[in-house]
Protein chains: 2
Amino acid sequence: MKEDGAAATAADVARLAGVSKWTVIRAFKTDGRIAEKTRRRVLDAAATLNYQPNLLARSLATRRTHQVAILVDDFDNPYKLPTLKRLTAGLQREGLLAFLVNINDDFTHSVALSNAQQRRVDSVVFFGTAYDPTAASAQILRSSSQPTFVLARESAHDTLPSVFTDPVHGVTELAEHVYERGYRKPVFVAGPPPAATPLGRRRQYQKFWKARGLETLPEIRVNVYDYKTACRVIGERFESDPQIRACDVLLCENDILALAALDVVRYDLGLKVPSDVAVVGFDGIDLAASGSYRLTTYRQPFQEMVDELIEMITERKPARRLVLRGEAIIRSTT
Amino acid sequence: MKEDGAAATAADVARLAGVSKWTVIRAFKTDGRIAEKTRRRVLDAAATLNYQPNLLARSLATRRTHQVAILVDDFDNPYKLPTLKRLTAGLQREGLLAFLVNINDDFTHSVALSNAQQRRVDSVVFFGTAYDPTAASAQILRSSSQPTFVLARESAHDTLPSVFTDPVHGVTELAEHVYERGYRKPVFVAGPPPAATPLGRRRQYQKFWKARGLETLPEIRVNVYDYKTACRVIGERFESDPQIRACDVLLCENDILALAALDVVRYDLGLKVPSDVAVVGFDGIDLAASGSYRLTTYRQPFQEMVDELIEMITERKPARRLVLRGEAIIRSTT
DNA sequence: TACTAATATGCTACCGGTAGCAAATGCTGT
DNA sequence: ACAGCATTTGCTACCGGTAGCATATTAGTA
């Protein structure tokens with residue numbers, strides 16, 4: 001019995017219980033072929049020593065860590081929080097623990113991927129990250145031994161499985177709704193520029209309006225998905241750009257931009273929504289439903305996406321490219 | 001050179017470079033006493049084999065995992081997201097990776113703590129969790145070998161270091177402001193009941209009003225920090241309880257409850273804020289500043305709290321009980 | 001009671017690194 | 001050429017488990 005602060009090992013427990021360390025280990029396995037009497041004795045000894053099996057040693061031997069790395073580069077969009085909640089809970093139910101990896105200029109995708117490999121995580125999830133598959137990290141990704149998934153964004157590689165919401169359906173629903181209501185002078189409010197693939201929503205909106213005679217869809221680009229920055233940038237563009245000022249509907253890439261747009265339009269510019277200008281979001285965050293906003297948006301099925309992702313991670317379902325549909329929610333901003 | 005999918009080891013690299021595995025390992029240490037020529041040869045061999053050192057093996061030997069477990073039981077309060085952002089970024093800068101552990105009925109504090117021990121994380125952070133120190137997990141906590149911290153909540157044990165915002169200062173600032181403005185019929189809007197210690201804000205508000213002649217502070221209790229639930233519960237209480245209906249100020253335990261209160265009061269009950277009823281929050285989330293809400297609240301210094309916590313985790317500063325002050329932000333809901 | 005089968009326990013070799021000492025090699029001066 | 005020293009490389013023993021086979025013990029049957 002060592003009292004030097006170091007955790008007790010199976011060998012310590014074995015010594016106390018008068019058995020070999022392999023018997024101790026068997027006592028902790030559910031299927032262990034072990035005499036009930038011995039098991040109890042071992043468990044008692046383990047309890048007095050406060051023995052906790054060392055998962056590092058186990059993982060080293062079994063080559064399974066039961067760890068998943070979740071890579072996130074945008075902590076400003078509030079939908080991330082409930083989605084992380086569901087994701088961590090679901091993974092934990094499967095015996096998996098999640099690393100929350102913050103991707104930023106100091107800690108790039110390459111660094112994160114390399115780190116994940118070194119820690120031998122069982123799988124990697126790109127959670128809505130602006131992952132650039134043309135960059136050096138693609139090399140790392142290809143040589144990576146662990147299964148990799150993309151959540152809430154379309155994967156750029158065909159070989160990289162992903163679960164995301166169909167942008168064609170979502171944008172079409174919203175655009176048609178807006179068009180039917182008679183809005184004809186749209187402006188797209190965009191977030192940060194996508195790293196590689198042009199982001200689906202933008203492309204779809206452009207396509208929709210082009211088919212109706214609008215050659216180029218005017219755009220306000222906000223370089224961060226962040227409420228405050230968005231307010232500032234949108235306000236500035238309305239100040240300086242007459243074409244923007246003349247719009248009658250703001251098609252926002254996501255809800256957080258839409259809430260910012262709504263606040264600017266209503267309280268800084270003093271416009272009436274939806275009579276002077278309409279606002280449309282995308283995502284379906286909780287706050288979009290609030291009495292203060294009542295935002296027309298498209299609900300992404302985040303929970304379902306997470307559940308499907310977990311099915312893939314646990315290999316109950318084959319890893320593949322899975323496109324899900326949400327639903328348009330019409331409220332009072334259109 | 002094995003091509004069987006298993007990652008290359010130092011021994012594989014050694015074989016290719018014609019050295020021993022210990023030389024390979026030296027080549028990867030910055031301080032390694034190794035001939036420059038050999039290092040280059042080893043690094044080349046490592047590159048062709050795509051060798052990545054196995055951190056499990058290293059951790060097993062060094063007894064340091066460079067992993068931190070962050071325990072969270074409430075994913076509904078939006079301040080958690082920017083705080084997690086700062087926390088993960090800060091830890092990563094120190095070479096530490098964070099486990100995001102979701103505490104719930106399936107995965108309790110005890111389970112999480114035991115899991116963290118088995119994974120040999122370097123430290124554990126209770127991030128605003130309703131940790132009940134009287135429960136069985138206290139036993140585990142005491143016997144736990146890894147340093148443990150509480151973030152954004154007052155720790156119940158003196159021995160358990162914590163970083164949190166002074167509730168006395170915050171509540172006093174807000175309460176005095178409200179009192180000066182002439183509000184005299186307050187109702188406290190409470191979140192889930194605290195596990196052990198009565199939560200500071202509630203107690204402080206009660207104290208303040210008692211000193212001014214109000215024996216018991218009426219209360220609306222919402223059992224989850226969740227916008228939708230809060231709306232429902234607050235609405236119901238206004239319906240059914242004349243004492244609640246007669247109030248002139250809603251003192252909310254945090255901003256998310258305050259936003260819900262504000263929406264209910266304005267849009268469901270049709271009351272004017274702040275003339276019919278005032279609303280006060282606590283936390284200082286981004287959205288409280290938005291044009292739609294303009295909520296009077298108390299800004300908690302979350303970023304500073306995180307930075308101080310990291311100083312303790314990295315042992316640059318001694319682990320201790322650290323109380324920080326925020327500032328009252330008076331906006332248009334009072 | 002002896003003999004077999006079933007169950008229980010112990011063993012070796014290994015997972016991929018680390019620590020710190022031992023041996024080998026290179027370099028200098030005489 | 002060789003002692004004397006520093007630098008470079010290799011080695012043993014270990015971190016705490018796992019896998020799967022070998023051996024010991026017990027129970028069941030003739």
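Atom set for the values below is all heavy atoms of this structure, side chains included, hydrogens, waters and symmetry mates excluded. A note on names: the letters A, B, ... follow the listed sequences, proteins ahead of strands, and every chain is numbered from 1.
Where B:Ile25 and A:Glu36 each meet DNA chain C at their nearest nucleotide, the meeting point lying more 5' is that of A:Glu36. The 5' end of DNA chain D is approached more closely, in terms of each residue's nearest nucleotide, by B:Arg41 than by the other of B:Arg120 and B:Arg41.
Of the candidates D:dA19, D:dG17, C:dT9, D:dG17 carries the atom nearest the A:Thr9 side chain, counting heavy atoms from C-beta on. Which of D:dG16, C:dG17, D:dT9 sits closest to the side chain of B:Asn54 comes down to C:dG17. Listed nucleotides: D:dG16, C:dG17, D:dA19. Nearest to the side chain of A:Thr62: D:dA19. Comparing D:dT9, C:dG10, C:dG17 by their nearest atom to the side chain of B:Ile34 picks out D:dT9. In this structure, the nucleotide among C:dG20, C:dC15, D:dG16 sitting nearest to the side chain of A:Ala57 is D:dG16. Of all nucleotides listed (C:dG17, D:dG10, C:dG10), D:dG10 comes nearest to the side chain of B:Ser20.
Using a 4.0 Å cut-off, some side-chain N or O of A:Lys29 falls inside it from OP1 or OP2 of D:dA19. At C:dC15, none of the side-chain N or O atoms of A:Ser59 fall inside 4.0 Å of OP1 or OP2 (strictly under the cut-off). Between A:Arg63 and D:dT18, a side-chain N or O to OP1/OP2 separation shorter than 4.0 Å is absent.
Ring planes of B:Phe28 and B:Tyr51: perpendicular class, angle over 60° (limits at 30 and 60°). Ring pair B:Phe127/B:Tyr79 is perpendicular by interplanar angle, where above 60° counts as perpendicular and below 30° as parallel.
Checking B:Asn102 against A:Thr88 by side-chain atom types alone, a donor-acceptor pair falls below 3.5 Å.
With B:Phe99 as the aromatic partner, B:Arg119 meets the cation-pi criteria of under 6.0 angstrom to the ring centre and within 45 degrees of the ring axis.
When the P atom of C:dC15 is taken as reference, atom CD of B:Gln52 falls 19 Å away, rounded to whole Å. Regarding A:Arg39, its CZ atom lies at a distance of 15 Å from the P atom of C:dT7, rounded to whole Å. One can place CG of A:Leu55 at 9 Å from P of D:dG17, the figure rounded to the nearest angstrom. Rounded to whole Å, the distance from NZ on B:Lys37 to C1' on C:dG26 is 12 Å. Note: CZ (B:Arg64) to P (D:dC15) measures 19 Å, nearest angstrom.
Under the 4.0 Å criterion applied to side-chain N and carboxylate O atoms, B:Arg41 and B:Asp44 are not assigned as salt-bridge partners. The pair B:Arg86-B:Glu304 fails the salt-bridge criterion, with no side-chain N (NZ, NE, NH1 or NH2) lying under 4.0 Å from an Asp/Glu carboxylate O.
Annotation for A:Ser162 and A:Arg153: closest pair CB-O, 3.7 Å, computed over non-hydrogen atoms.
Within 4.0 Å (heavy atoms only), A:Thr38 reaches sugar-phosphate atoms of the nucleic acid but no base atom. Using a 4.0 Å heavy-atom criterion, one finds that A:Phe28 contacts no nucleic acid atom at all. Within the 4.0 angstrom heavy-atom criterion, no nucleotide atom of any strand lies near A:Leu56.
Distance alone, capped at 3.5 Å, places no donor-acceptor pair between the A:Thr48 side chain and the A:Ala46 backbone.
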Name the pairs: protein N/O against N/O of nucleotides 12-14 of chain C, kept only if under 3.5 Å.
from, atom 1, to, atom 2, distance (Å)
C:dT12, O4, A:Trp22, NE1, 3.0

